[in-house]
Amino acid sequence: MERLNDKVVIITGAAMGQGFEEALLFSTEGAKIVATDIVEEGLSKLKKKIEERGGEILTVVHDVSSEEDWKKVLKKTLDKFQKLDVLVNNAGIGSRNNVENETLDEWERVQKVNSRGTFLGMKYAAPEMRRNGGGSIINLSSVYGMIGVEGYAAYHASKGAVRVLTKSAAMEFAKSYIRVNSIHPGIIETPMTEDLFADDQTVEWLQSITPWPTTGRPLDVAYGALYLASDESTFVTGSELVIDGGWTAH
């Protein structure tokens, strides 16, 4: 308990799935949470849960692809909590089209949220962390940022960008004691993937490529993020934490 005691944490995409579980877990470990998303209903549900447990939370409706929205989030964070220790760039969207079938509009929509959103988060969080003496930035990539499968062209490109951008930022911010790491989940049971798990053929395929006998849960990813957010990982930067049940091990 209290692995994040008194740390101020921004978590994007916190209205559901991985971001929701990260916010709950981090709050349990003593963090003050700034939860952002475009889905107000999910943020309200999260706020109620955390406050019922005695935690502190600020919720902000936030489009991660908007520079002005990022400025707003940082201002509200500092106005309420006076500092920033951790940023979890969790917000993301998917697309399952291959290269020939993908439209330019859909391609750009995915890049705006997944790669531009991550870039903007780091751009505006880093100066505040530097003023605070350091911090931790955790960027959610994917195994699809490391390996290729047919389809998912825009998603692959966006998550590959997050992977290498993380390493560049880790080099840039190291002297300021700001750690930057990426997490690479396999296919996790979240609202974004619920239709995949409802399809028997897809489930059979997942079981064939994943050695671990159970599927991944949002909490599995949240615990990985907790380690990277905590002071237990003070010598870890520019790294890739793969949470995929062994998928990429073969």
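Quick note: residue numbers are just sequence positions, from 1.
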With heavy-atom distances below 4.5 Å as the criterion, would you say the side chains of [X] and [Y] are in contact?
X	Y	answer
Val86	Val8	no
Thr12	His62	yes
Thr36	Thr59	no
Lys7	Asp231	yes
Thr28	Arg53	yes
Thr234	Val236	no
Phe26	Val88	yes
Asp244	His184	no

Has [X] got more than 12 heavy atoms of other residues, nucleotides or ligands less than 6.0 Å from its [atom1]?
X	atom1	value
Lys72	NZ	yes
Glu52	CD	yes
Ile38	CD1	no
Lys75	NZ	no

Any carboxylate oxygen within less than 4.0 angstrom of a Lys/Arg side-chain nitrogen, looking at [X] and [Y]?
X	Y	value
Asp79	Lys76	no
Glu67	Lys123	no
Glu51	Lys47	yes
Glu232	Arg3	yes
Arg217	Glu189	no
Asp85	Lys83	yes
Asp105	Arg109	no

Among side-chain atoms of [X] and [Y], is any donor-acceptor pair under 3.5 angstrom?
X	Y	answer
Ser239	Asn181	yes
Ser233	Arg179	yes
Arg130	Ser176	yes

Are [X] and [Y] connected, step by step, through hydrophobic side chains (Ile, Leu, Val, Met, Phe, Trp, Tyr) whose heavy atoms are closer than 4.5 Å?
X	Y	answer
Val162	Tyr152	no
Phe81	Leu78	no
Leu140	Val164	no
Val61	Val64	no
Leu74	Leu58	yes

Mind listing the closest non-hydrogen atom pair of [X] and [Y] along with its distance?
X	Y	value
Asn89	Thr118	ND2-O, 3.5 Å
Ser158	Ser115	O-CB, 4.1 Å
Ala14	Ala35	CB-CB, 3.7 Å
Ile178	Ala126	CD1-O, 3.5 Å
Ala91	Gly13	CB-N, 3.7 Å
Val110	Ser95	CG2-CB, 3.8 Å

Decide side chain to side chain contact (heavy atoms under 4.5 Å, CB included) for Leu24 and Leu46; before the verdict, give the C-alpha distance in whole Å, the side-chain angles of both, and the deciding distance to 0.1 Å. CA-CA 8 Å; Leu24 288 177; Leu46 176 64; 3.8 Å; yes
Would you find a donor on one side and an acceptor on the other, under 3.5 Å apart, between the side chain of [X] and the backbone of [Y]?
X	Y	value
Asn97	Glu102	no
Lys167	Glu240	no
Arg116	Gln111	no
His250	Thr210	no
Ser66	Asp63	no
Glu29	Glu2	yes

[atom2] on [Y] to [atom1] on [X], rounded to 0.5 Å:
X	Y	atom1	atom2	result
Met16	Asp37	CE	CG	6.0 Å
Ser27	Ile33	OG	CD1	5.5 Å
His156	Ser142	NE2	OG	8.0 Å
Tyr227	Ser136	OH	OG	10.0 Å
Ile183	Gln18	CD1	CD	8.5 Å
Asn90	Ile10	CG	CD1	13.0 Å

Can you check side chain to side chain contact (heavy atoms under 4.5 Å, CB included) on Asn114 and Lys159, steps first, answer last? CA-CA 7 Å; Asn114 295 359; Lys159 292 302 186 178; 4.0 Å; yes
Kindly say whether the aromatic ring centers of Trp107 and Tyr155 come within a distance under 6.0 Å. no
Applying side chain to side chain donor-acceptor pair (under 3.5 Å), run through Ser141 and Arg163 and close with a yes or a no. CA-CA 6 Å; Ser141 180; Arg163 177 192 185 192; over 6 Å; no
For Tyr144 and Trp247, run ring-ring contact (aromatic ring centres under 6.0 Å, His included): C-alpha distance rounded to whole Å, both residues' side-chain angles, the deciding distance at 0.1 Å, then the answer. CA-CA 11 Å; Tyr144 282 1; Trp247 179 355; 5.7 Å; yes
What pairs with Glu150 under salt bridge (Lys or Arg N to Asp or Glu O under 4.0 Å), at least two apart in sequence or on another chain? none
Hey, mind stepping through Ser182 and Asn139 against side chain to side chain donor-acceptor pair (under 3.5 Å) and telling me if it holds? CA-CA 5 Å; Ser182 57; Asn139 296 327; over 6 Å; no
